[in-house]
Amino acid sequence: MSLVLTCLLDQGNLSRDSLEVLGAGKSIAAELDAVLAAAVIGAETGAVCAAAGEYGASKIYSVQDAALEQYYCEGYLAALEAVCRECEPAVVLFVTNAQGREMAPRLAKRLGKTALVDCLSFNADKETGRIVFTKPVFGGKAMAQVAMSDAPAVVAMRRRSIEPAQPEQVAAETIQVKPSAIPPNPFKLIERVEEQTAGVRLEDARVVVSGGQGLGGPENFALLEELAGLLGGAVGASRVAVDSGWVSSSKQVGQTGKIVAPDIYLAVGISGACQHLAGCSGSKVIVAINTDPEAPIFGAARLGVVGDYKEVLPPLIEKVKEMA
Ligand SMILES: Cc1cc2nc3c(=O)[nH]c(=O)nc-3n(C[C@H](O)[C@H](O)[C@H](O)COP(=O)(O)OP(=O)(O)OC[C@H]3O[C@@H](n4cnc5c(N)ncnc54)[C@H](O)[C@@H]3O)c2cc1C
C-alpha cells in the first residue's frame, strides 16, 4: 500500500502548520487508499509522535538525535532523506513556511525528483492514483495544474490554504530511523524574539482587510483597523502603502511581502498589481473596493464595489456592528 508522508518539524507541540500538513495528507491518503505517515525529527520526539497518532497518522517515522534539538536545514534534510529511503513514500508533504520552502526543493534534489511549492489545492484520482496540484503562476495571474508522474511527489502546500486535521486517534506504529550520518549544526541559537502583534497575526487571520495607495494617508488605516477588529481579522497593506511609511513592512502582502490565504481578503484602494496578487490570490474570497471600474483587482475579486472607500466602509462597519 502506498504511503503519504507528512513532515512535522515541530518540537513539543504540533503547530497549526503541522496540523495543516496532516490535514492535506489525510485527504490525499483517503482518496488514494494510502497510509498516512508522519516524519518527526528532534532531540526528543516522543510528544510530537504521540500527537501525530492523535491526528490520524498510523505510521510514524522518528529520527531522534541530540544534534537535532533545533531546526537546521542540513541536519533535518539528512534525517528526512533517511526516512524517505526507509519508507519510499508516494507523496512527501510540507507547508510553504520558511522551513518548507527551504527543505522541499533540497529534499527533492537529494531524491533525484522535482519539488512543487506553494500549491493551493489538489485533486486525487483513485482510479489512476494521480494527484493534480493547483498552484499560482506568473505572479498569481494564472493557475497551473501539475501532476507529478514520478514518486515521491515532493510538495509544499501554501499555509492556510488547507483545513487543519481534526483529532482522530488511530493505532499508530512508531519506527525509529537512524541516518548514517547527521552533519553537525553550524548555528547557535542565541535568542528567540517573537514578533509582537496586537490581535491576530496577518498570516493566521481568517479575514484580512488590506489598504493601498488609494487610502491617501496613514490616518485612514484607522477605518481598516476598526473593521478588521470587528471581524476578528488583521490589517494588511500594499507595498506602496508600506513604502510611503503609512504602515509597518510586516503588514505588506505580495511577492516581496507576506503570502496570505484567508477566507476573506478585502482589498481597499488597491489596484491589484500582479506583485500584490501574488500574496493574496490563494484567498477563498477576494472583495475589492476601488473607484476605478477598470482596476485589475476586479479581475481577481469575487465581489467588488466601485466606489470611494470613504463612502463604502463607514456603513459597512455600522452593519457589522449591528450584526455583532
Ligand atoms: C519586484 C517588485 C516587487 C513588488 N512586490 C510587491 C508586493 O509584495 N506587494 C505589493 O503590494 N506590491 C508590490 N510591488 C509593487 C506593485 O507593482 C504595485 O506598484 C503596488 O502593488 C501598487 O500598490 P497600490 O495598489 O496600493 O497602488 P496603486 O497601484 O496606485 O493603486 C491605488 C488604487 O486605489 C484606487 N483608489 C484611489 N482612490 C480611491 C478611493 N478613494 N477609494 C477606493 N479606491 C481608490 C485607485 O483606483 C487605484 O486602483 C512590487 C513591484 C516590484 C517591481
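First listed ligand is number 1; within each ligand, the first listed atom is number 1.
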How are the rings of Tyr76 and Tyr71 set to each other: parallel, tilted or perpendicular (split at 30° and 60°)?
perpendicular
Checking Glu203 against Lys251 for the salt bridge (charged side-chain N to carboxylate O under 4.0 Å, His left out) test, could you report, in this order, the C-alpha distance in whole Å, the side-chain angles of both residues, the deciding distance, and whether it holds?
CA-CA 10 Å; Glu203 305 91 309; Lys251 292 195 172 8; over 6 Å; no
Sorted by chain and number, sequence neighbours left out, ring pair (Phe, Tyr, Trp, His ring centres under 6.0 Å) with Phe298 holds for none
Which residues pass the ring pair (Phe, Tyr, Trp, His ring centres under 6.0 Å) test with Phe94, sequence neighbours left out?
none
When you check the side-chain N and O atoms of Gln252 and Thr256, is any donor under 3.5 Å from an acceptor?
yes
Anything with a heavy atom under 4.0 Å from ligand 1 counts, so go ahead and list those protein residues by chain and number.
Gly212, Gln213, Gly214, Ser238, Arg239, Val240, Gln252, Val253, Gly254, Gln255, Thr256, Gly257, Gly269, Ile270, Ser271, Ala273, Gln275, His276, Ile289, Asn290, Thr291, Asp292, Gly307, Asp308, Tyr309
Who else is in the cluster with Val117 when I, L, V, M, F, W and Y are joined by side-chain contacts under 4.5 Å?
none
